[in-house]
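Proteins come first, then strands; the chains are lettered A, B, ... in the order of their sequence lines, and each starts at number 1.
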Amino acid sequence: MDISTLNSAQREAVTAPLEHILLLAGAGSGKTKCLTHRIAWLLKTEQTYPHNILAVTFTNKAANEMRSRIDALLKKPAKGLWAGTFHSIAHRLLRIHWKDANLPQAFQILDSQDQLRILKQVVKSLNIDKETLSPKRAQHFINACKDEALRAKDIVIEVEEKFLKAKMLEIYSAYEETCQRTGVVDFAELLLRSYELLRDHPPLLEYYQQRFRHIHVDEFQDTNTIQYKNLQLLAGKQGKMFVVFDDDQSIYAWRGAKLENIQQIQQDFSETRLMRLEQNYRSTGIILEAANALIANNKGRLGKKLWTQDKAGEPVNLYTAYSEIDEAQFVAEKIQAWQGKRVEIAILYRTTAQSRQFEEALLLKGMPYRIYGGQRFYERLEIKNMLAYLRLLVHRDDDSAFERVINTPKRGIGNRTVDILRSLARQQGNSMWQAACAVLETKQLKARAANSLTTFLNLIEQLTAQLKDLPLHEKVEQIKIVTGFIAHYKKESKQEAEKRLENLEELVTAARQFEQLNKNKSNLLTAFLDHAALEAGERQSSQFDDCVQLMTLHAAKGLEFKVVFICGLEEGLFPHQNSLDESKLEEERRLCYVGITRARQYLYLCHSKSRYRYGMRDRCIPSRFIQEVPLELIQDVRLKSAMAPSL
DNA sequence: TAAGCCGAACTTTTT
DNA sequence: GTTCGGCTTA
């Protein structure tokens with residue numbers, strides 16, 4: 001086991017005795033390196049088997065990265081080692097122990113879009129005015145409850161806000177009932193279910209506690225309550241935690257992440273040891289100084305100062321644009337002038353909507369780019385429709401899939417009929433599929449509707465029988481043809497239709513690839529659907545290797561680039577409008593800190609004097625974050641070609 | 001039942 | 001400026 005590439009602090013952490021280790025690791029201090037070396041170290045020297053190791057991350061990207069780095073260190077795949085996101089690990093447990101978790105074997109995963117669709121129906125059916133309580137708000141409430149490990153029945157209503165809270169609880173209960181009845185599980189539910197599964201089945205829990213003697217968590221500052229509870233159960237009395245975190249990079253409080261978990265773990269686990277990594281190997285002295293100065297404005301930090309042996313490097317560049325178009329043009333021209341590889345450049349922004357200007361500017365110059373985030377492949381309408389058919393093949397009771405395609409493409413089944421099926425299903429406590437079968441026995445429907453419905457049910461039955469033994473990509477191909485999607489999308493405007501048809505074709509390709517990567521998997525279709533729900537896929541497959549990287553600041557965490565542009569540094573955009581009060585502001589500042597510390601050599605901060613928002617041109621004030629970077633570190637830049645257009 | 005028109009709401013970040 | 005949902009009409 002080679003530890004010669006580690007510095008002394010890293011080496012100390014990697015070879016630490018078997019206690020609970022909390023590693024406070026600053027940006028660019030080599031935390032992933034530490035984590036992977038620690039795992040390799042355990043396997044080599046502590047008579048540990050891959051089987052005994054659990055490694056948890058937050059994104060699929062990070063999980064894949066960790067896996068391949070461990071494999072590289074060991075020079076062979078670490079078979080039996082579990083590495084994945086919290087959600088994928090919870091999901092894995094539920095698939096194995098579906099019976100104990102009280103789920104149907106073919107349960108399906110609900111993304112936030114589908115969750116909202118269901119909630120709209122629930123709100124409607126409870127006759128709640130959506131002016132007083134929007135489905136979106138109910139969605140937030142429910143997810144927040146689940147993140148706190150609370151079921152509807154666990155929640156007590158306090159005197160104040162009684163009415164609204166009672167309504168929300170009513171929705172929560174009805175939603176729970178609908179999900180259970182139709183065998184679907186949302187993201188937060190994956191974590192809550194797996195927690196309950198372990199908690200309520202002692203023999204099962206004991207097995208996993210015996211198994212996972214070593215639990216590793218990356219980005220621990222971003223864990224929420226239910227994630228923490230899962231970890232706590234799995235660790236039990238014997239499991240050893242190795243937890244890496246950076247309080248200054250906590251950027252997910254909005255989805256329930258609890259920085260306090262760092263204190264909590266010190267209370268709950270005896271004999272924890274806190275270690276630090278503060279030497280930065282990524283950025284120049286000036287970039288680090290800028291980052292340190294900015295983050296010093298936050299209160300209540302654990303306190304940490306990054307340092308480097310590197311030289312000071314170039315000053316931070318500041319560009320003041322006249323409009324968002326000018327801003328994008330400036331960035332594109334700078335990139336055009338860049339001599340190195342384009343993959344070394346990242347354009348970072350606060351909101352996904354900002355990406356469009358950069359796309360246009362880069363397109364104009366013929367610069368290849370790649371966008372991360374935004375609408376993803378498996379979230380596109382045409383893809384979701386196709387997947388809904390696939391879901392019905394394996395799980396008839398999946399109402400959200402059923403509703404999505406019962407009349408897509410149009411086959412003469414209107415809202416009227418769908419409404420009948422929906423209320424029938426609820427009354428009888430079964431799914432819409434079952435309700436549809438039952439209602440055809442009676443004479444409740446008009447002949448025309450009944451005919452159309454029969455056609456639809458037969459279509460699904462036929463497909464199931466016909467496609468049973470075909471390989472996965474053939475199934476996708478057949479559905480594309482038989483359901484009439486091709487004709488359906490050809491009716492749309494030409495450009496739109498072309499895109500959609502291309503995407504359908506890409507789904508076939510994706511299925512084929514998935515097949516090849518998972519040859520030994522038994523239930524390929526189910527696995528493919530899970531993959532689609534949990535890993536949503538990138539927005540576009542890149543045709544070029546050397547692309548400029550475009551992403552939100554959130555998506556940039558954990559990555560590094562030689563050149564970084566942080567754009568739209570304006571009050572109301574970054575920090576964002578909804579985050580201007582004190583508590584949320586610190587998280588925005590941390591987000592900015594994350595952005596700055598992504599840069600290795602060159603950092604550009606951009607802001608614009610005006611910007612289109614809500615169809616209006618707004619005047620913009622430079623972000624306070626710009627002023628928080630010491631003036632002596634900054635140099636103003638101008639671009640001749642972008643001088644004063646008439647605005 | 002389907003298509004087309006009009007007004008409202010919308011843009012935070014992800015699994 | 002766009003998208004989504006509700007309402008009206010054929």
*Apply side chain to side chain donor-acceptor pair (under 3.5 Å) to A/N523 and list each qualifying residue two or more places apart in sequence or on a separate chain.*
A/T526
*Selection: residues 549-557 of chain A, any non-hydrogen atom under 4.0 Å of DNA chain B*: A/T552, A/H554
_Cation-pi check for A/F561 against A/R598: NZ or CZ below 6.0 Å from the six-membered ring centre and within 45 degrees of the axis, yes or no?_
no
_Geometric cation-pi criterion, A/R422 with A/F402: 6.0 Å, 45°_ = no
*Give the nucleotide from the list B/dT11, B/dT13, B/dT1 with an atom nearest to the side chain of A/A449.*
B/dT1
_Side chain of A/R255 only, heavy atoms from C-beta on: which candidate in B/dT15, B/dT12, B/dT1 is closest?_
B/dT15
_Nearest atoms (heavy-atom pairs only) where A/F625 meets A/L585_ = CZ-O, 4.4 Å
*Reckon A/N407 touches a base, only the sugar-phosphate, or nothing at all at heavy-atom distances under 4.0 Å?*
sugar-phosphate
*Side chain of A/K410 - closest among B/dT1, B/dA3, B/dT15*: B/dA3
*With respect to the side chain of A/H87, which nucleotide from B/dT11, B/dT15, B/dT13 is positioned closest?*
B/dT15
*Answer yes if the ring centres of A/F58 and A/F86 are under 6.0 angstrom apart, and no otherwise.*
yes
*Check against side chain to side chain donor-acceptor pair (under 3.5 Å), A/N143 and A/Q115*: CA-CA 10 Å; A/N143 289 337; A/Q115 183 185 38; 2.9 Å; yes
_A/W254 ring over B/dT13 six-membered base ring, under 5.5 Å and 30°_ = yes
*asked:* Does A/R255 qualify as a cation-pi partner of A/Y252, given the criterion of NZ or CZ under 6.0 Å from the six-membered ring centre and within 45 degrees of its axis?
replied: yes
*asked:* By the definition side-chain hydrogen bond (donor to acceptor under 3.5 Å, both in side chains), identify the one residue from A/Q227, A/K557, A/Q249 that meets it with A/D222.
replied: A/K557
*Please give, in whole Å, the distance from B/dC10 C1' to A/L573 CG?*
15 Å
_Under 4.0 Å protein heavy-atom contacts per nucleotide of nucleotides 1-9 of chain C, with B for base, S for backbone only and - for none_ = B---SS---
*Please figure out whether A/N415 or A/A533 has its closest DNA chain B nucleotide nearer the 5' end.*
A/N415
